[in-house]
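Counting starts at 1 for both ligands and their atoms, in listed order. Small disclaimer: the values here were computed from a predicted structure and weren't measured. Atoms considered below: every heavy atom in the structure, side chains included; atoms not considered: hydrogens, waters and symmetry mates.
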Amino acid sequence: MENRNKEIANLFYRIADALEIKGETGFKVVAYQKAARVLEDLTQDVAELLASGQLAEVPGIGKGMAEKIEEYLKTGKIKRYEEVMKDVPEGLLQLLEIPGLGGKTIHLMQKELKVKNLDDLKRVIEDGSLEKLYGMGKKKVENIKKGIELFEHAQERMPIYEALTIAEEVIDYLKGAPGIKHISTAGSLRRMKETVGDIDILAAGKDGRKIIEYFVKHPKTIKILAEGDTKGSILLDTELGHRQADLRIVEEECYGAALQYFTGSKAHNIKLRGLAKDKGLKISEYGVFRGEKKIAGKTEEEVYKVFGLPVFPPEMREDRGEIELALEGKLPEIIDATDIKGDLHVHSNWSDGVMTLEEVADHGKKLGYKYIAICDHSQAAKYAHGLSPDRLKEQIKEIDQINKKLKELRLLKGVEVDILADGSIDLPEGLLKKLDIVVASIHSGFKKNVTERIIAAIKHPLVDIIGHPTGRLISGREGYDVDIDKVIEAAAEYGKILELNAYYDRLDLDEFNLKKAKEKGVLIAIGTDTHYAHGFGMMRFGVGIARRAWLTKSDIINTLPLDKLLKLLAA
Ligand SMILES: [Zn+2]
Ligand SMILES: [Zn+2]
């Protein structure tokens, strides 16, 4: 439901933006923006409101907007939207995708500086004319520059969640291909980087041509980009957008060498090539060779064994010292998905989640978890129906009731409490004491004294964990204005835990900050921050990033059995 409200809100925002691009101001624009904001804040489904005849009475909506909403719900379209969009040039519409750039500014840039597209925009930034434009100035231009960077970054790469979802669907399909033997993801996708450039799939089979023929017939193919005997490339129309997938077929005897080679990274492979050279060997995607003779290639194990090396977890293959350590027999054993005993950040329908507490428990049981921390929002998070102290008290009681019935799994009484503008915590101490786990997060004031506020929260005796410590969103938002090194130091000093928020668009802390935290001895909690059942699956991305940071079982608190976890949190 939230989605439908949000979809219509987005359309209204875009109409307002498009009107502004065309130079319209005032009443009409404001009406769309206002209606969009109202829709975003609405707690009820617009369809329900419409059905009960109350929609037009919602302040800020009115009759005209209600009609457009009805049109959308019935036809999936808003005619006005299409009309408005029709005469906005493509290049200018694209500029709207740049964070920090609105319709009004785009209109002015077009009128005064003849900006028609992204290239033009870059030009007027470069030659300084944008800065001189009325109402602009240095700071705004800096922000737009950052926005362009983020936009271009998002264009280039897709989030790991997207890439893996599509890849796994294709792999599932390919299992039905004639004569297919082995199949795997490759490249940065297999190495679980937070964003991925290409969906690379590698397979071994007898008749490459036939497998490729089968591949390009994938039901979601909208365009065949390449179709050969060993390589194919298709454009897929998926729920997640148009995405390209590439398949390469090799012979079974070469599969291990090819998988090793195409998994990369480039830097890791260069190191390996150096080792081969030292031994008078050659390594390629076809195998390891002494002169003409192939001495390994069928499996990755075989390939690495030639050099006295183990099969590295793909996440470690970045030439960050893994080869040297392995040669000394000192490669650390990184965390495995099976080490995870529970999820430490889950929202229920008591705040902005959709699951009841019982449903959360049911899903946890299915996942084989021993515990799940219920961490609904506190009251400051109004947009998320944050819990008042009284509501939280009620929730605690209910969790106690549910736990009486549960055997293999325990719901932990927790909260995701807001860190307020002055660095204080949005709940009284007496109540915090009743909880098993307290996650404190910043949800507003992203530019205001964030470092100081987080450190104040770290010093609070009843806060256990800092949630999504940098606030960055991979798809766009840059994160808080925070000195993360200072936060890590404070966490180390006060013995507090930092979160690895496993939601694919957050992955916060990221792999580099996780590494820093580990070096300072700071413990990490992985939580999916899920608001719906499907989101429990995000844990794998959190684990992937933890593996990329070389975290071990002992670095992560949700590998502990329940009694030890509770003891640690109580300490
Ligand atoms: Zn949060
Ligand atoms: Zn949360």
Side-chain angles (χ1 to χ4, degrees), residues 2 40 161 342-357 359-360 363-364 371-387 391-392 395 399 411-421 423-427 432 435-448 450 453-454 457-458 460 463-482 484 487 491 496-510 513 524-539 541-542 557-558:
E2 267 168 58
E40 280 181 321
Y161 163 70
D343 193 328
L344 292 181
H345 186 162
V346 170
H347 293 269
S348 77
N349 65 352
W350 283 65
S351 66
D352 57 346
V354 300
M355 295 175 282
T356 63
L357 296 171
E359 282 166 345
V360 170
H363 288 292
Y371 43 80
I372 287 183
I374 301 293
C375 296
D376 278 312
H377 290 284
S378 65
Q379 57 190 353
K382 285 205 183 64
Y383 60 91
H385 317 299
L387 302 182
R391 289 271 294 151
L392 183 57
Q395 192 190 43
I399 293 176
L411 291 182
L412 301 182
K413 290 167 279 185
V415 72
E416 181 179 18
V417 65
D418 264 54
I419 301 171
L420 301 174
S424 64
I425 294 297
D426 188 28
L427 277 172
L432 291 174
L435 297 168
D436 299 315
I437 183 167
V438 175
V439 178
S441 304
I442 298 259
H443 289 121
S444 61
F446 293 172
K447 302 282 166 205
K448 285 186 210 127
V450 179
R453 286 157 66 202
I454 293 182
I458 284 174
H460 191 295
V463 167
D464 300 305
I465 300 170
I466 299 298
H468 41 75
T470 76
R472 67 101 177 234
L473 292 182
I474 292 170
S475 62
R477 193 173 74 207
E478 210 186 328
Y480 324 134
D481 189 2
V482 64
I484 192 66
V487 168
K496 293 300 169 76
I497 297 150
L498 296 179
E499 182 179 68
L500 162 50
N501 190 297
Y503 181 65
Y504 77 95
D505 199 21
R506 287 193 184 271
L507 297 174
D508 178 13
L509 298 172
D510 70 12
N513 287 323
I524 302 297
I526 308 184
T528 59
D529 201 356
T530 189
H531 291 65
Y532 48 90
H534 181 62
F536 283 112
M538 297 291 158
M539 185 57 79
F541 305 114
I557 66 166
N558 39 325

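The side chain to side chain donor-acceptor pair (under 3.5 Å) check on S351 picks up D376, with sequence neighbours excluded. Here D529 pairs with H345, H347, N501 under the side chain to side chain donor-acceptor pair (under 3.5 Å) rule; sequence neighbours left out. Scored by the ring pair (Phe, Tyr, Trp, His ring centres under 6.0 Å) test, Y383 finds no partners at all (sequence neighbours excluded).
A donor-acceptor pair shorter than 3.5 Å can be found between the side chains of H468 and Y480.
Considering just the N/O/S atoms of H443, the one nearest the Zn ion (ligand 1) carries the name NE2.
No more than 12 heavy atoms of other residues, nucleotides or ligands shown are found within 6.0 angstrom of NZ on K382.
Listing protein N, O or S atoms at distances below 2.8 Å from the Zn ion (ligand 2), with waters left out, gives H345 NE2, H347 NE2, E416 OE1, D529 OD1.
Looking only at distances, a side-chain donor or acceptor of N558 sits under 3.5 Å from a matching main-chain atom of G342.
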